[in-house]
Amino acid sequence: MSEPSRLSKLLTKVQEFCTSTEFEQEFESFAKKNSDVFMASLDHSSNEGEHPLEFFDVYQDYLKKFETKIENFIVELGYEPRDFYAECRNVLEDEDLWGSKRFFIEMLLATSEYEHFFVLMQSEMRTLKQSESKSHK
């Protein structure tokens with residue numbers, strides 16, 4: 001198998017892994033575990049001055065946990081993380097390439113930025129708050 005098609009398959013496998021129900025449930029579990037810290041995020045806007053340091057600590061934990069999870073998956077497939085990063089770079093540098101792979105990479109990059117993580121956690125906190133209020137009725 002040629003190197004470009006081999007790396008393209010790697011990107012597809014990582015995309016499937018990151019969009020799986022199991023991966024999503026793990027993120028939801030992470031959000032729930034950190035809800036005691038992040039429920040206060042509902043009182044802040046993403047572009048508002050400084051956030052409590054605890055938010056950034058949770059963000060650092062998130063990066064460590066999910067980057068490690070993805071990198072371990074890549075290694076289990078018999079690749080190196082640098083192979084995945086190289087393929088991502090190739091896709092992003094190809095101006096003619098649009099579609100689910102490019103969208104996935106852009107979303108993955110976005111969630112690695114604090115501002116996007118913050119908005120994502122706020123969304124999870126709203127969902128948790130709604131489900132808790134429904135269960136108390």
Side-chain angles (χ1 to χ4, degrees):
M1 180 182 306
S2 72
E3 187 66 11
S5 65
R6 185 176 161 292
L7 292 180
S8 180
K9 285 187 178 198
L10 169 61
L11 180 55
T12 299
K13 288 180 185 292
V14 173
Q15 182 178 1
E16 289 168 354
F17 176 70
C18 290
T19 57
S20 69
T21 302
E22 177 187 334
F23 196 87
E24 184 179 321
Q25 288 172 341
E26 190 152 347
F27 176 76
E28 289 170 358
S29 174
F30 175 86
K32 192 174 216 173
K33 176 181 157 216
N34 290 285
S35 64
D36 58 326
V37 171
F38 247 86
M39 200 54 83
S41 73
L42 298 177
D43 298 330
H44 297 271
S45 71
S46 60
N47 58 0
E48 170 185 297
E50 291 189 21
H51 294 163
L53 188 56
E54 294 82 13
F55 292 0
F56 194 74
D57 291 342
V58 172
Y59 166 68
Q60 292 295 319
D61 290 344
Y62 159 82
L63 285 178
K64 197 178 321 172
K65 177 180 180 76
F66 288 94
E67 285 177 356
T68 300
K69 188 170 184 60
I70 293 168
E71 288 178 356
N72 287 343
F73 177 76
I74 291 167
V75 169
E76 285 173 18
L77 293 174
Y79 296 89
E80 292 295 324
R82 70 176 173 266
D83 298 326
F84 174 71
Y85 299 132
E87 181 60 10
C88 289
R89 188 172 33 262
N90 291 338
V91 169
L92 292 174
E93 289 175 353
D94 186 347
E95 294 177 10
D96 297 328
L97 184 63
W98 292 96
S100 66
K101 285 183 180 178
R102 184 183 194 96
F103 179 75
F104 166 70
I105 294 166
E106 289 174 349
M107 292 306 298
L108 197 59
L109 289 171
T111 58
S112 69
E113 296 173 5
Y114 174 78
E115 292 79 16
H116 290 92
F117 167 78
F118 179 82
V119 170
L120 188 60
M121 286 297 282
Q122 278 188 315
S123 176
E124 286 296 319
M125 293 306 104
R126 283 187 200 96
T127 301
L128 267 173
K129 198 172 183 177
Q130 286 174 345
S131 67
E132 286 175 0
S133 69
K134 286 180 184 177
S135 68
H136 291 295
K137 288 184 179 181

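Every value quoted in this text rests on a predicted model; they were computed, and no experiment measured them.
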TODO: Determine, stepwise, if the pair D83 / E80 fulfils side chain to side chain contact (heavy atoms under 4.5 Å, CB included).
DONE: CA-CA 5 Å; D83 298 326; E80 292 295 324; 3.7 Å; yes
Open item on the list: Do F17 and I74 make a side-chain contact, defined as non-hydrogen atoms from C-beta onward lying under 4.5 Å apart?
Closed with: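 No; the side chains remain at least 4.5 Å from each other.
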Open item on the list: In the structure I gave you, are the side-chain heavy atoms of F27 and F66 within less than 4.5 Å of one another anywhere?
Closed with: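 Yes, at least one pair of side-chain atoms sits under 4.5 Å.
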Task: Closest non-hydrogen atom pair, A31 against M125 - done: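 Looking at all heavy atoms of both residues, the closest pair is O-CE, 3.4 Å.
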TODO: Look at the side chain of S29 and the backbone N and O of Q25, then say whether any donor-acceptor pair between them is shorter than 3.5 Å.
DONE: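 A pair under 3.5 Å: no.
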Open item on the list: Using modelled atom types and a 3.5 Å cut-off, is there a donor and acceptor pairing between side-chain atoms of T12 and backbone atoms of S8?
Closed with: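 Yes; judged by distance alone, with no hydrogens or angles, the pair exists.
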Gap separating the [atom1] atom of [X] from the [atom2] atom of [Y], nearest 0.5 angstrom:
X: E113; Y: L63; atom1: CD; atom2: CG; value: 10.5 Å
X: R102; Y: L11; atom1: CZ; atom2: CG; value: 12.0 Å
X: M121; Y: M39; atom1: CE; atom2: CE; value: 9.5 Å
X: L109; Y: H116; atom1: CG; atom2: NE2; value: 10.0 Å
X: L77; Y: K9; atom1: CG; atom2: NZ; value: 12.5 Å
X: S112; Y: M107; atom1: OG; atom2: CE; value: 11.0 Å

Task: Evaluation steps, side chain to side chain contact (heavy atoms under 4.5 Å, CB included), between I105 and E87 - done: CA-CA 10 Å; I105 294 166; E87 181 60 10; over 6 Å; no
- [ ] Flag the pair F55 / F117 as yes when their ring centroid distance falls below 6.0 Å, and as no otherwise.
- [x]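 Centroid separation for F55 and F117: 6.0 Å or greater.
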- [ ] Compute the ring centroids of F118 and Y59, then answer whether they are less than 6.0 Å apart.
- [x]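 F118 vs Y59: aromatic centres not under 6.0 Å.
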Task: Stepwise side chain to side chain contact (heavy atoms under 4.5 Å, CB included) test for V37 and D57 - done: CA-CA 10 Å; V37 171; D57 291 342; over 6 Å; no
Task: Ring geometry between Y62 and F30 (parallel below 30°, tilted from 30 to 60°, perpendicular above 60°) - done: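 Tilted: the ring planes of F30 and Y62 meet at 30° to 60°.
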- [ ] Determine, using the 4.5 Å side-chain heavy-atom cutoff (strictly less than), whether L42 and F56 are members of one ILVMFWY cluster.
- [x]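 Yes.
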Open item on the list: Suppose the criterion is salt bridge (Lys or Arg N to Asp or Glu O under 4.0 Å): which pairs have a residue in residues 120-130, not counting sequence neighbours?
Closed with: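 Every candidate salt bridge (Lys or Arg N to Asp or Glu O under 4.0 Å) pair involving residues 120-130 fails, so no pair, neighbours aside, qualifies.
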Task: Pair listing, salt bridge (Lys or Arg N to Asp or Glu O under 4.0 Å) test, anchored in residues 26-36, at least two apart - done: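 Pairs touching residues 26-36 that pass the test: E26-K65, E26-K69.
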Open item on the list: Counting only heavy atoms not in Y85 (residues, nucleotides, ligands), do more than 12 fall under 6.0 Å from its OH?
Closed with: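 Counting other residues, nucleotides and ligands, OH of Y85 exceeds 12 neighbours.
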